[in-house]
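Being a predicted model, the structure only gives us computed values, none of them experimental. So you know, we letter chains A, B, ... as the sequences are listed, proteins then strands, and number each from 1.
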Number of protein chains: 2
Amino acid sequence: MTSHIEELLTTHGVKPTAQRAVIAEYLVGTDCHPTADEVFQAVSTKLPVSLSRATVYNTLNALVEAGVIKEVVTDPGRVRYDANVSDHHHFVDVKTGQVYDVDAHKVSALKLDLAPEFSVNSYHVTIFGEVKK
Amino acid sequence: MTSHIEELLTTHGVKPTAQRAVIAEYLVGTDCHPTADEVFQAVSTKLPVSLSRATVYNTLNALVEAGVIKEVVTDPGRVRYDANVSDHHHFVDVKTGQVYDVDAHKVSALKLDLAPEFSVNSYHVTIFGEVKK
DNA sequence: TTCTGTACTTAGAATAAGTCTAAGTTGCGA
DNA sequence: TCGCAACTTAGACTTATTCTAAGTACAGAA
Ligand SMILES: [Mn+2]
Ligand SMILES: [Mn+2]
Ligand SMILES: [Zn+2]
Ligand SMILES: [Zn+2]
């Protein structure tokens with residue numbers, strides 16, 4: 001009876017420890033693109049032992065490395081983490097700072113007119129605007 | 001006989017001090033998207049007095065505020081500065097980290113299929129790839 | 001001219017995000 | 001059961017940036 005999260009970690013080659021499971025579970029269950037510190041705050045109470053910031057960073061880096069999550073950088077000095085690893089872009093509400101997912105198929109394919117020495121692997125669109133309630 | 005740079009600063013409402021002029025001049029004369037520290041290194045020898053890092057940061061922030069330059073964030077933890085304030089996007093060479101300008105008209109206009117509460121002000125495309133020499 | 005107030009710059013202290021270190025803990029596999 | 005490698009921990013360290021307190025520059029008033 002391995003949990004869904006343990007299976008996610010295992011299939012990506014990450015050994016599922018209690019710390020890693022609770023961090024991955026938190027990220028999978030949110031769509032709000034938390035920072036490392038927000039992950040630490042949210043998760044530290046959910047473990048019977050004290051959680052080190054170093055473990056949070058180690059785990060986030062390991063999960064990125066393994067492809068379980070992605071880093072998102074929309075603002076200077078704020079790395080955010082995203083368990084949505086599907087092809088998507090981001091909408092930033094400039095009033096609140098909130099980051100929303102924008103599925104890649106909601107954005108028309110880009111045509112790029114670049115010199116031939118520029119070979120493109122991928123691209124990411126950051127959309128700035130406002131969400132009216 | 002105010003210089004071109006002093007005029008640029010003045011017309012943007014920034015009082016042209018020696019420190020600000022030399023920093024703005026350096027940025028206007030390069031297309032390599034330097035970090036604050038690279039600006040500091042490049043510019044500190046060009047003044048008869050010692051230059052404080054605080055002044056570099058104060059100046060960069062003032063120039064951004066005034067619209068003389070823009071911040072560019074392509075990587076976690078590295079804010080870069082850009083005197084190209086025309087509408088453009090960025091190509092990041094994933095091998096070297098070099099950032100190249102991509103004029104907006106080299107990128108096809110985006111069509112976005114967003115829910116009506118999302119009102120778009122602007123967007124920025126970051127293209128990842130490699131420049132073959 | 002000199003005076004003077006405000007804006008600017010400075011060195012270094014403080015903060016914040018992230019990494020490293022050294023020591024202890026866990027837990028699978030012989 | 002043991003041994004070992006992987007993992008976690010607290011706290012020191014590093015790096016980027018901001019803040020602070022004290023000094024400097026300089027335009028306008030007198
Ligand atoms: Mn989502
Ligand atoms: Mn930082
Ligand atoms: Zn996302
Ligand atoms: Zn640019």
Using atom names, set out every protein N or O paired with an N or O of nucleotides 2-4 of chain D below 3.5 Å, distance rounded to 0.1 Å.
none

Q | A/Glu65, CD: over 12 other non-hydrogen atoms inside 6.0 angstrom | A | no

**Q.** Candidate pair B/Val131 and B/Thr96, rule side chain to side chain contact (heavy atoms under 4.5 Å, CB included), full reasoning
**A.** CA-CA 9 Å; B/Val131 183; B/Thr96 66; over 6 Å; no

**Q.** salt bridge (charged side-chain N to carboxylate O under 4.0 Å, His left out) against A/Glu130, all qualifying residues, sequence neighbours excluded
**A.** A/Lys95

Q | Separation of atom CD in B/Glu38 from atom P in D/dT17, rounded to whole Å | A | 11 Å

Q | Annotated protein contacts, base or backbone, on nucleotides 22-30 of chain C with a non-hydrogen cut-off under 4.0 Å, one of B, S, - each | A | ---------

Q: Look at the side-chain heavy atoms of Ile, Leu, Val, Met, Phe, Trp and Tyr, link any pair under 4.5 Å apart, and say whether B/Val120 and B/Val107 land in one connected group.
A: yes

Q) Going by the salt bridge (Lys or Arg N to Asp or Glu O under 4.0 Å) test, which pairs reach into residues 41-62 of chain B, not counting sequence neighbours? A) B/Asp37-B/Arg53

Q. Taking CG from B/Asp75 and C1' from D/dA16, how many angstroms apart are they, rounded to a whole number?
A. 15 Å

Q | Residues from residues 57-67 of chain B lying under 4.0 Å of DNA chain D - heavy atoms | A | B/Tyr57, B/Asn61

Q. Hey, quick one: are A/Val85 and A/Val99 part of the same hydrophobic cluster, counting side-chain heavy atoms closer than 4.5 Å, chains of contacts allowed?
A. no

**Q.** Closest contact, heavy atoms only, B/Ser108 versus A/Ala109
**A.** OG-O, 3.9 Å

Q | Pairwise salt bridge (Lys or Arg N to Asp or Glu O under 4.0 Å) hits with a residue in residues 109-123 of chain A, at least two apart | A | A/Asp113-B/Lys106

**Q.** Remaining members of the apolar cluster that contains B/Val73, side-chain heavy atoms under 4.5 Å
**A.** A/Val73

Q) Are B/Leu9 and B/Leu63 side-chain neighbours, meaning at least one heavy-atom pair lies under 4.5 Å? A) yes

**Q.** Heavy-atom pair of closest approach, residues A/Glu6 and A/Pro16
**A.** CG-CB, 3.9 Å

Q: May I have the distance from A/Asp37 (atom CG) to C/dT19 (atom P), rounded to whole angstrom?
A: 14 Å

Q | Between A/His33 and A/Asn84, a side-chain donor and acceptor under 3.5 Å | A | no

Q) With the 4.5 Å side-chain cut-off for hydrophobic clustering, are B/Ile69 and B/Val22 part of the same group? A) yes

Q) Would a 4.5 Å heavy-atom cut-off, applied to side chains only, mark A/Leu112 and B/Val102 as touching? A) no

Q. Going by the ring-ring contact (aromatic ring centres under 6.0 Å, His included) test, which pairs reach into residues 69-88 of chain A, not counting sequence neighbours?
A. A/His88-A/His90

Q: Any ring-ring contact (aromatic ring centres under 6.0 Å, His included) involving residues 93-120 of chain B? Give me the pairs, sequence neighbours left out, ordered by first then second residue.
A: A/Phe91-B/Phe118, A/Tyr100-B/Phe118, A/Phe118-B/Tyr100

Q. Could you give the CD-to-P distance, from B/Glu6 to D/dC26, as a whole number of Å?
A. 12 Å

Q) Would B/Tyr123 end up clustered with B/Val72 when hydrophobic side chains under 4.5 Å apart are linked, directly or stepwise? A) no

Q: Could you go through the side chain to side chain contact (heavy atoms under 4.5 Å, CB included) check for B/Val64 and B/Leu60 one step at a time?
A: CA-CA 6 Å; B/Val64 169; B/Leu60 291 171; 5.5 Å; no

Q | Nearest-Å distance for atom pair CG/P, residues B/Leu9 and C/dC8 | A | 12 Å

**Q.** Helix axis bend for the helix from C/dT1-D/dA30 to C/dA30-D/dT1 - C1'-based end axes, five pairs, 10° rounding
**A.** 10°

Q: Enumerate the residues from residues 43-56 of chain A whose closest heavy atom to DNA chain D is under 4.0 Å, giving them by residue number; use none for an empty result.
A: A/Val49, A/Ser50, A/Leu51, A/Ser52, A/Ala54, A/Thr55

Q.
For DNA chain D, which residues of residues 17-25 of chain A approach it to below 4.0 angstrom with any heavy atom?
A. A/Thr17, A/Gln19, A/Arg20

